[in-house]
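Following: one structure in structure tokens, then a few remarks.
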Amino acid sequence: MTDQPVWQPAAAQAALKGRAQQLAFVRGFFSEREVLEVETPVLARHGVTDLNLDGVHADVSAPGLHGGWLQTSPEYHMKRLLAAGSGSIFQVSKVFRNGERGPRHNPEFSMLEWYRTGFDDIELMAEVSDLVCGWLGCARPRTLSYREAMQRWAGVDPFTIGDAELRQRCTQWLEPEQLTDLERDGCLDLLMSFAVEPHLGREVPEFITGYPASQAALARVSQCDGHDVAHRFELYIDGLELCNGYWELADADEQRRRFEADNRQREQAGKPVMAVDEAFLAAMAAGLPDCAGVALGLDRLLMLKLGASSISEVLAFPFERA
């Protein structure tokens, strides 16, 4: 006798109601601030070049069309809207990331992404605090730099430690042969994940800021204490990363250089080289307004609200039941 498929939802009725209440709260929050809700493609012609993100390839076959990618984020399309004069916008969307499944990850998840024209990263952090603390009823976050966090819990200065010593620190979690192909940022990410993140946001929510410029992605870069740092922030509560935000890079030529650098890293890591989204770069060249943007995981936010220990508790049908 074959096993019968589980047809029932994984989430309890309280979680389903909580999700509906969360969506109503989010839409009310942005309505009060006159931020426009938009909708962009979930399925598109291009994926992302980011070494740390693996998209889900789609097999689209239609006249003049082939391939495609389920989107890891609505970022590129939302920025095209910004360049076209949309003003401040937000979106609640389903996004997809391959290779991610665990208590905090599902290959498909819900993301809230928004962009505020005329904001920098500091102003956007204040608005993130308003939304998250307004929904959770928690204390407002404090801010800690990436450098301070790494020094406090990993015992390293991420800007000055040598590569050999950094790699040695990582042997606490990986065997030396597993570190052979790990670049400097990969080692720093390992330390952040295992040594630092479990301590973050335990007493009050905590913003981490001032990431190394090599981890800027689509953020602007400036000097701080003699080092290039990204205008990027992440918010942690109870060791859980909730969001990733930037004061957005607006230089199309610099963005192209970063995409090309990403693809060189992907090639070295044995990952497929991704075609660059020329429509996105054309939008940037046409003029992306001065803005800051952030992507926030709604499933994780709901986990915190309900005290859930696994993302499956807040999803009607996680991948195993989908």
Side-chain angles (χ1 to χ4, degrees), residues 26-27 29-38 40 48 50 53 71-93 95 111-135 140-146 205-224 228-237 241-255 258-259 277 280-281 283-298 300-301:
V26 165
R27 289 191 163 101
F29 180 90
F30 288 112
S31 177
E32 289 178 0
R33 288 158 177 77
E34 298 183 342
V35 178
L36 178 69
E37 182 171 9
V38 298
T40 61
V48 295
D50 191 321
L53 295 179
Q71 297 299 282
T72 58
S73 159
E75 179 169 7
Y76 293 178
H77 294 94
M78 291 183 77
K79 286 183 174 176
R80 286 166 65 180
L81 291 178
L82 288 163
S86 67
S88 296
I89 52 177
F90 83 97
Q91 179 171 189
V92 174
S93 63
V95 294
M111 179 179 285
L112 167 63
E113 189 151 333
W114 77 94
Y115 293 86
R116 292 294 247 135
T117 56
F119 276 36
D120 62 15
D121 46 331
I122 304 302
E123 291 168 303
L124 186 58
M125 287 165 63
E127 188 164 73
V128 170
S129 299
D130 290 342
L131 186 143
V132 170
C133 300
W135 170 245
R140 293 184 72 83
R142 64 188 177 197
T143 300
L144 187 68
S145 75
Y146 178 89
E206 210 149 26
F207 280 119
I208 300 297
T209 63
Y211 286 77
S214 56
Q215 299 179 26
L218 282 78
R220 302 184 188 205
V221 171
S222 65
Q223 279 262 320
C224 181
D228 289 334
V229 298
H231 285 273
R232 172 187 170 191
F233 63 86
E234 293 189 349
L235 177 62
Y236 289 85
I237 300 180
E241 179 204 335
L242 271 185
C243 70
N244 189 16
Y246 307 136
W247 187 10
E248 301 293 345
L249 178 69
D251 183 333
D253 293 334
E254 172 60 20
Q255 188 60 72
R258 292 188 192 183
F259 284 161
D277 188 339
F280 168 60
L281 289 176
M284 289 192 68
L288 184 70
D290 186 19
C291 64
V294 62
L296 187 151
L298 286 174
R300 291 186 176 187
L301 185 62

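- With rounding to the nearest 0.5 angstrom, the OG1 atom of T209 is 11.0 Å from the CZ atom of R232.
- Considering every non-hydrogen atom in both P74 and T40, the closest pair reads CB-OG1, 3.5 Å.
- A pairwise comparison of heavy atoms in L301 and L242 identifies N-CD2, 3.7 Å as the closest pair.
- Listed by chain and residue number, nothing satisfies the salt bridge (charged side-chain N to carboxylate O under 4.0 Å, His left out) test with D251 (two or more places apart in sequence, or in another chain).
- S86 is linked by a side-chain hydrogen bond (donor to acceptor under 3.5 Å, both in side chains) to nothing, counting only residues two or more places apart in sequence or in another chain.
- Checked against salt bridge (charged side-chain N to carboxylate O under 4.0 Å, His left out), E127 has the following partners two or more places apart in sequence or in another chain: R33, R116.
- With sequence neighbours left out, E206 forms a side-chain contact (heavy atoms from CB on, under 4.5 Å) with R142, L144, L200.
- Looking at every heavy atom in both residues, W114 comes nearest to L124 through NE1-CD1, 3.4 Å.
- The side-chain hydrogen bond (donor to acceptor under 3.5 Å, both in side chains) test applied to Y236 returns E197, E234, not counting sequence neighbours.
- Between F90 and F30, the angle of the ring planes stays under 30°, which puts this pair in the parallel group of the 30/60° scheme.
- Looking at L235 and V294, their side chains never come closer than 4.5 Å, going by heavy atoms from C-beta outward.
- Partners of F233 according to the ring pair (Phe, Tyr, Trp, His ring centres under 6.0 Å) rule, which considers only residues two or more places apart in sequence or in another chain, are F207.
- Between Y246 and A217, the shortest heavy-atom contact is OH-CB, 3.2 Å.
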Listing, residues 76-85 side-chain donor-acceptor contacts under 3.5 Å, not counting sequence neighbours, or none:
unit_1: K79; atom_1: NZ; unit_2: E75; atom_2: OE2; d: 2.8
unit_1: K79; atom_1: NZ; unit_2: E248; atom_2: OE1; d: 2.6

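- For R27, the salt bridge (charged side-chain N to carboxylate O under 4.0 Å, His left out) partners are E37, not counting sequence neighbours.
- With sequence neighbours excluded, no residue satisfies side-chain contact (heavy atoms from CB on, under 4.5 Å) with S31.
- Taken to the nearest 0.5 Å, the CH2 atom of W135 stands 16.0 Å off from the CG atom of D130.
- Pairs of residues two or more places apart, or lying in two chains, that qualify as salt bridge (charged side-chain N to carboxylate O under 4.0 Å, His left out) and include a residue from residues 284-297 are R220-D290.
- Taking the side-chain contact (heavy atoms from CB on, under 4.5 Å) definition, one finds that A213 meets it with V221, D228, sequence neighbours left out.
- E123 pairs by the side-chain contact (heavy atoms from CB on, under 4.5 Å) definition with F119, D120, not counting sequence neighbours.
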